[in-house]
Engineer: 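Below are the structure tokens for one structure; questions will follow.
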Number of protein chains: 2
Amino acid sequence: MKKSNNHYHHGHLAESLLDAVDEIATQFGIEAVTLRGCAKRVGVSPASAFRHYSDKRSLLTVFATRAVNQLADSMETSMLQAQDSGQDALQAVCMAYVQFALSKPAFFRAMWREEMIYTQDPDYLVATQRLASYLQQGFVNTITDEDPCNFSPQEMLAWSSVHGLACLFVDGPVARDKGMEEKLAIAEAVLTQLTPVLTQ
Amino acid sequence: MKKSNNHYHHGHLAESLLDAVDEIATQFGIEAVTLRGCAKRVGVSPASAFRHYSDKRSLLTVFATRAVNQLADSMETSMLQAQDSGQDALQAVCMAYVQFALSKPAFFRAMWREEMIYTQDPDYLVATQRLASYLQQGFVNTITDEDPCNFSPQEMLAWSSVHGLACLFVDGPVARDKGMEEKLAIAEAVLTQLTPVLTQ
DNA sequence: GGTCATATGTTAACACTGTTAACTTACAAT
DNA sequence: ATTGTAAGTTAACAGTGTTAACATATGACC
């Protein structure tokens, strides 16, 4: 947090670049994110980013990891709220998933761009596993509990349908003209259809 | 099909470029597709592509449309086969969806890249509506039949879950180490869970 | 068959991209 | 104070989409 009167050293460049990705992606979409653009926004030379990230892809990987954790945070709070008020926790978690995708589409896209990020990155993997764990809630006593990447058909169904909904809303031809509330209503209707299968 | 001895005019450049996109995307992924790369592969100058496509994005839009129609074709044949052999047609259509995504991941990605294609393109829209119609099969006597973009919760559930499965397999952290047969088995298990809801 | 408009190709340039190498500056430990 | 290192700059590289100016083959019309 030290601030020098001389601005040769930025001090928090790594994080500031992430914020720049955030802003540009939010305004103009993930495809518009450019290393030079981020550097210019931060007020720094184009090459400086490479002191903190070996790659553009590395920067986007960290950004994606951040986004996954934001989504997981949102799911966690929704889950806790539902548990306090005695509502269906799984449904709340699923709705949080869709809501995040709708309100931050660029972030949601960045999370799953296999070709734009290093999907083998340890931090990224940890984040996605954390994400998955919230969708496995309610299925604690399923048979396979050893491998955290192994899902029961029920768990896969939950994740698949909510992920499909989010993707179809964000990148698909579904409900393009409709507003956010309508889309959330559709999601709620779809997930309600699903609850008898998931809570058996 | 006429072939001149002088090669100044290529003759089928528009389609050949699409084939180049196909090959490069299959080999190196959609992100590796480059106008100049396609032109070089076809044996033509970089600027020639602009006589047939106003944009890189236009080229990718036509490619995506082509891919959507290929998927729809595959779903149609699966549906007909299932109807002939008395099997569940919807399940067959869904499995064809997942299978296509797994065997042609670059194509599947290209279909839904909102920021890389013109999603308002008429041909693209027609193709996606055709695709959706196969997933609406079996729900013919639902209430809303006027707007082809309007789906019942059941229809949305079918599309969402199958689309989510495909996306999670292609770009997600699910079953990365597993082979195609195992993934198809997972998909089958998930969809089987779903049939009671869909065939009520 | 010759003329000529047009469709379709080429070339050369533009600004922009990610990335690297060589250099410079500030900080922090001795 | 010296000096090694972390973190910035500058200048260059090849590669990208795109355009304008030019060139050539095709096909329609007389």
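Chain A is the first sequence line, chain B the second, and so forth, proteins listed ahead of strands; every chain is numbered from 1. Predicted model, so just to flag it, every value in this text is computed and none were measured.
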Engineer: Could you pull out the closest heavy-atom pair between A:Ala101 and A:Val170, with the gap in Å?
Structural biologist: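 Shortest heavy-atom separation between A:Ala101 and A:Val170 comes out as O-CG2, 3.5 Å.
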
Engineer: Write down the atom of B:Val190, the atom of A:Pro153, and the distance for their closest heavy-atom approach.
Structural biologist: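 For B:Val190 and A:Pro153, the tightest heavy-atom pair comes out as CG2-O, 3.9 Å.
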
Engineer: Donor-acceptor pair, distance only, cut-off 3.5 Å: does the side chain of B:Tyr53 make one with the backbone of B:Ala14?
Structural biologist: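 Yes, because the side chain of B:Tyr53 sits within donor-acceptor range (under 3.5 Å) of the backbone of B:Ala14.
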
Engineer: How does each nucleotide of nucleotides 11-21 of chain D score, in 5' to 3' order, for protein heavy atoms under 4.0 Å: base (B), sugar-phosphate only (S), or none (-)?
Structural biologist: -B---BBBB-B

Engineer: Does the ring center of A:Tyr97 lie less than 6.0 Å from the ring center of A:Tyr134?
Structural biologist: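 No, the ring of A:Tyr97 stays outside the 6.0 Å limit from the ring of A:Tyr134, centre to centre.
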
Engineer: Nearest-Å distance, CG (A:Leu60) to P (C:dT17)?
Structural biologist: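 Nearest whole value for this atom pair: 14 Å.
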
Engineer: B:Ser45 side chain N/O closer than 4.0 Å to the phosphate oxygens (OP1, OP2) of C:dT10?
Structural biologist: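 It does, given that an N or O in the side chain of B:Ser45 lies less than 4.0 Å from OP1 or OP2 of C:dT10.
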
Engineer: Nearest to the side chain of B:Val44, which nucleotide is it out of C:dT10, C:dT8, D:dG8?
Structural biologist: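 Given the options C:dT10, C:dT8, D:dG8, the side chain of B:Val44 is closest to C:dT10.
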
Engineer: In terms of the angle between their ring planes, are B:Phe108 and B:His163 parallel, tilted or perpendicular, with boundaries placed at 30° and 60°?
Structural biologist: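 Plane angle between 30° and 60°, so tilted.
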
Engineer: Answer yes or no: does a side-chain N or O of A:His52 lie under 4.0 Å from OP1 or OP2 of D:dA6?
Structural biologist: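 No, no such contact exists.
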
Engineer: CG of A:Leu17 versus P of D:dG8: gap in Å, rounded?
Structural biologist: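 So the CG-P distance, A:Leu17 to D:dG8, works out to 9 Å.
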
Engineer: Can you tell me if B:Ser160 uses its side chain to pair, donor with acceptor, with the backbone of B:Leu157 under 3.5 Å?
Structural biologist: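 It does not hold such a pair.
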
